[in-house]
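Contents: one structure, followed by commentary.
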Amino acid sequence: MVRVRFAPSPTGFLHIGGARTALFNYLYARHNNGVFILRIEDTDRTRSTEEYIEAIIEGMKWLGLEWDEGPFRQTDRFDIYRSYADMLVKEGKAYYCYCSPEELEARRKEAIAQGKSPKYDGRCRNIEGRGTRDERQEKSVAVRFKMPQEGQTVVDDLIKGKIVFENNQLDDLIIMRSDGTPTYNFTVVVDDVDIKITHVIRGDDHLNNTPKQIHIYKALGYDIPLFAHLPMILGSDKTRLSKRHGATSVMAYKDMGYLPDALVNYLVRLGWSYGDQEIFSREELIKYFSFENVGKAAAIFNPEKLLWLNSQYIINAPAEKLAELVIPFLVKENIISEGQDLNKEWLSKAIKTLKERSKTLIELANSLRYYIAEEIEYDEKAKAKFLNEKSRDLLIELNDRLTSVTDFSTQELEKIFKEIIEKHNIKLGSLAQPVRVAMTGGTESPGIFEVLEIVGKEKVLKRLEKAIKTIANTF
RNA sequence: GUCCCCAUCGUCUAGCCUGGCUUAGGACAUUGCCCUUUCAAGGCAGUAACACGGGUUCAAAUCCCGUUGGGGACGCCA
């Protein structure tokens, strides 16, 4: 049975990199009918907050990465870590370290200055008559794990292949801080053992931690899980993705009008591929996912491709669904007021004309503005170019014709337009563009007949009259 | 500094494991054309890559070594 986990630390929002790690874990679990577990690594009490825990959960839910067990929290398990640490000390596999953080920092700096490896020198490793537990508490000492100092440790990574580490590179890491709290490399192992993790799937920034953790597994007497280290996501300047490169928080993409499935699709293709296919349903992702197709090289986050994917997802989404999703954006963009009622059927129809012109839900909302608004504001350039003496009579004529129309449909409207342009021997554009400006305020919109039908007779006539008046006032 | 990882168009990638089928394929972006009432969407076409150097081989993007470049780790952070 495959059991995997996503184990973020709540020191920030769910970000793009974390989301991808979570996604790969999720896909691997689902592909193998396994279990996906969420664990919150909050042992750093000074930086972890409840708000971030909530934010991470919110992000996971938005992306549709449902977990089967958890969220477990490490702060609930401090007693367990302590007893494991005590056991290791008793067995001589770990020891108390009396060095103060300041001393260690000073030594580390000196080692770097001398061009040496900033590794712990092991000076507390063999102190005779180590302190008792009481003495330890009094003196606030830390617990260090005894790493083997010779031989090699081999990590057989599912993505990177065989990696050999020289054990003399490993240093005796602290597993319990002097304040009695456990540290990361220790808690991961204890927890992964306790919740029976079979595959550790994480970013390759953890690759160097792996040999250390392997030795902790061994010291504890447990089987070592399989590892899969995912390549990093970098920014456009090839450095680690950060705020400097733009939005990195998953929920920021929700606010920018992205669809969660589009983000998921983008993220999965960053490092993973399935032939030439670009767009995948969730079912396909689960069916096709495998580490065999995960690349080894870091990938650069490319917002433009994400935007394209989002536009594709909007095009393919049912208008009814988009109608639901766009409402918060209509409110946020001040197009409707909070709680204002919109006819869902009408809204869906309007959205159908706008889907292939909107790359985000924000764009969609803003395009809906001219369908919904009571008053149209003209773009100055558009007004100057199309609302003038040349178009005045045409608009008047159209206005007259439309007043008597009862079947306000695209077919009927097209017929009327045709008659007018044939009569005056002009191109459709000469009539359509002025009407477009009258209806939308600008020169870009869906087909003019669709626009008229959706705006509806009453508003169409009002807008035509306003346009005619505007021309009269200007000329 | 030490250790680890990585290297195909600007970007994401296919091909690499199991050398010849490759004048290196697809996608985003970009340029042009078509469609067209505008804007999109769509269609067609174009520009564009095997980091470098050695080997192995009849044959290397594919295997090996080195160089260079990039990334990551070296914490009483995770």
Side-chain angles (χ1 to χ4, degrees), chain A residues 7-11 41-44 46-48 97 99-101 104-105 108 111-120 140-144 155 157 159-161 163-166 168-171 173-179 181-185 187-188 203-211 229 231-232 234 236 238-240 266 269-279 292-293 295-309 311-312 315 354-359 367 382 386 417 421 427-433 435-437 440 442-449:
Chain A
S9 68
T11 54
E41 311 227 318
D42 55 353
T43 53
D44 183 349
T46 56
R47 293 199 303 147
S48 302
C97 176
C99 305
S100 73
L104 291 167
E105 182 58 28
R108 190 176 303 121
I112 291 171
Q114 290 178 7
K116 286 188 199 156
S117 168
K119 185 181 144 181
Y120 178 64
S140 303
V141 296
V143 179
R144 276 187 195 271
V155 177
D157 192 87
I159 293 169
K160 308 263 184 184
I163 304 159
V164 179
F165 293 88
E166 294 296 329
N168 60 22
Q169 294 292 327
L170 272 27
D171 65 352
L173 52 87
I174 286 177
I175 56 175
M176 296 293 281
R177 296 185 190 95
S178 50
D179 67 0
T181 60
T183 61
Y184 166 74
N185 279 109
T187 57
V188 196
D204 73 7
D205 47 339
H206 286 290
L207 201 48
N208 292 283
N209 286 324
T210 309
H229 286 95
M232 301 269 86
L234 309 179
S236 51
K238 282 180 162 258
T239 62
R240 208 191 170 116
Y266 177 71
R269 279 286 287 102
L270 219 49
W272 176 84
S273 62
Y274 187 77
D276 287 338
Q277 190 169 340
E278 294 287 348
I279 296 179
E292 295 228 330
N293 304 317
K296 298 176 176 189
I300 293 172
F301 184 78
N302 180 217
E304 283 175 338
K305 188 155 185 182
L306 170 58
L307 188 60
W308 171 76
L309 267 168
S311 73
Q312 293 297 309
I315 288 171
L354 257 17
K355 283 207 297 184
E356 60 202 27
R357 290 162 235 268
S358 312
K359 291 186 192 302
S367 298
F386 293 110
F417 270 62
I421 62 170
K427 287 187 170 176
L428 180 54
S430 321
L431 177 59
Q433 279 306 78
V435 174
R436 180 166 277 118
V437 177
T440 70
T443 55
E444 300 161 13
S445 85
I448 194 66
F449 309 122

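Each chain gets a letter, A, B and so on, in the order the sequences are listed, and its residues count up from 1.
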Does a distance-only test, which skips hydrogens and angles, find a donor-acceptor pair under 3.5 Å between the side chain of [X] and the base of [N]?
| X | N | value |
| --- | --- | --- |
| A:R436 | B:rU37 | yes |
| A:E278 | B:rG26 | yes |
| A:D204 | B:rG72 | no |
| A:T443 | B:rC39 | no |

From [atom1] of [X] over to [atom2] of [N], roughly how many Å is that when rounded to an integer?
| X | N | atom1 | atom2 | value |
| --- | --- | --- | --- | --- |
| A:L234 | B:rU13 | CG | P | 10 Å |
| A:E292 | B:rC17 | CD | C1' | 9 Å |
| A:K427 | B:rU36 | NZ | C1' | 11 Å |
| A:N293 | B:rC16 | CG | P | 11 Å |
| A:L309 | B:rA29 | CG | C1' | 13 Å |
| A:K160 | B:rC3 | NZ | P | 18 Å |
| A:K238 | B:rA7 | NZ | C1' | 8 Å |
| A:L307 | B:rC12 | CG | C1' | 15 Å |

Scan every strand shown for a Watson-Crick or G-U wobble partner of [N], both distances under 3.5 Å, and answer none if you come up empty.
| N | result |
| --- | --- |
| B:rC63 | B:rG55 |
| B:rA48 | none |
| B:rA73 | B:rU2 |

Establish, with yes or no, whether the OP1 or OP2 oxygen of [N] is under 4.0 angstrom from a side-chain nitrogen or oxygen of [X].
| X | N | result |
| --- | --- | --- |
| A:R240 | B:rA73 | yes |
| A:Q312 | B:rG42 | yes |
| A:T239 | B:rG71 | no |
| A:K355 | B:rA40 | no |
| A:R108 | B:rG1 | no |
| A:R177 | B:rC77 | yes |

Is there side-chain contact between [X] and [Y], with at least one heavy-atom pair below 4.5 Å?
| X | Y | value |
| --- | --- | --- |
| A:R269 | A:L309 | no |
| A:N208 | A:F165 | yes |
| A:N302 | A:Y266 | yes |
| A:T11 | A:S48 | yes |
| A:E304 | A:W308 | no |

What nucleotide among [options] has an atom nearest to a side-chain atom of [X]?
| X | options | value |
| --- | --- | --- |
| A:D44 | B:rC77, B:rC76, B:rC3 | B:rC77 |
| A:L428 | B:rG26, B:rU13, B:rU37 | B:rU37 |
| A:K359 | B:rA78, B:rA41, B:rC39 | B:rA41 |
| A:P118 | B:rU37, B:rA78, B:rG1 | B:rG1 |
| A:Q169 | B:rC3, B:rA27, B:rA40 | B:rC3 |
| A:M232 | B:rG71, B:rC76, B:rU13 | B:rG71 |
| A:I448 | B:rU37, B:rC3, B:rC76 | B:rU37 |
| A:N209 | B:rC4, B:rA78, B:rC12 | B:rA78 |
| A:K296 | B:rC74, B:rC6, B:rC12 | B:rC6 |
| A:Q433 | B:rU38, B:rA78, B:rG72 | B:rU38 |

Exercise. What are the two closest heavy atoms between A:P182 and A:T43, and how far apart are they?
Worked result: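 Smallest heavy-atom distance, with atoms named: O-CB, 3.8 Å.
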Within the structure shown, what part of the strands sits under 4.0 Å from [X] by heavy-atom distance: base, sugar-phosphate, or nothing?
| X | answer |
| --- | --- |
| A:I163 | sugar-phosphate |
| A:T43 | sugar-phosphate |
| A:L104 | base |
| A:C97 | nothing |
| A:T183 | sugar-phosphate |
| A:P446 | base |
| A:I300 | sugar-phosphate |
| A:H206 | base |
| A:F449 | base |
| A:G271 | sugar-phosphate |

Seminar exercise, completed: Note: for A:S358 and A:R144 on RNA chain B, the residue whose nearest nucleotide lies more 5' is A:S358
Problem set entry | A:G429 or A:T11, whichever maps to the more 5' nucleotide of RNA chain B | A:G429
Problem set entry | Interatomic spacing from CD1 in A:I163 to CG in A:D204 - rounded to 0.5 Å |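 If I round to the nearest 0.5 Å, the distance is 9.0 Å.
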Mind checking the [atom1] distance from [N] to [M]? Whole angstroms is fine.
| N | M | atom1 | value |
| --- | --- | --- | --- |
| B:rC65 | B:rA7 | P | 14 Å |
| B:rG71 | B:rA45 | P | 38 Å |
| B:rA51 | B:rA60 | P | 15 Å |
| B:rG19 | B:rC33 | C1' | 41 Å |
| B:rU11 | B:rA48 | C1' | 12 Å |
| B:rG46 | B:rG1 | C1' | 49 Å |
| B:rC76 | B:rG72 | C1' | 23 Å |
| B:rA73 | B:rG26 | P | 37 Å |

Exercise. Any donor and acceptor pair, going by atom type alone, linking the side chain of A:T181 with main-chain N or O of A:R177 inside 3.5 Å?
Worked result: no
Exercise. So A:T46 and A:D44, side chain to side chain donor-acceptor pair (under 3.5 Å) or not? Walk me through it.
Worked result: CA-CA 6 Å; A:T46 56; A:D44 183 349; 2.7 Å; yes
Exercise. Taking only residues two or more places apart in sequence, or in another chain, which ones meet A:R357 in a salt bridge (charged side-chain N to carboxylate O under 4.0 Å, His left out)?
Worked result: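 A:R357 satisfies salt bridge (charged side-chain N to carboxylate O under 4.0 Å, His left out) with no other residue.
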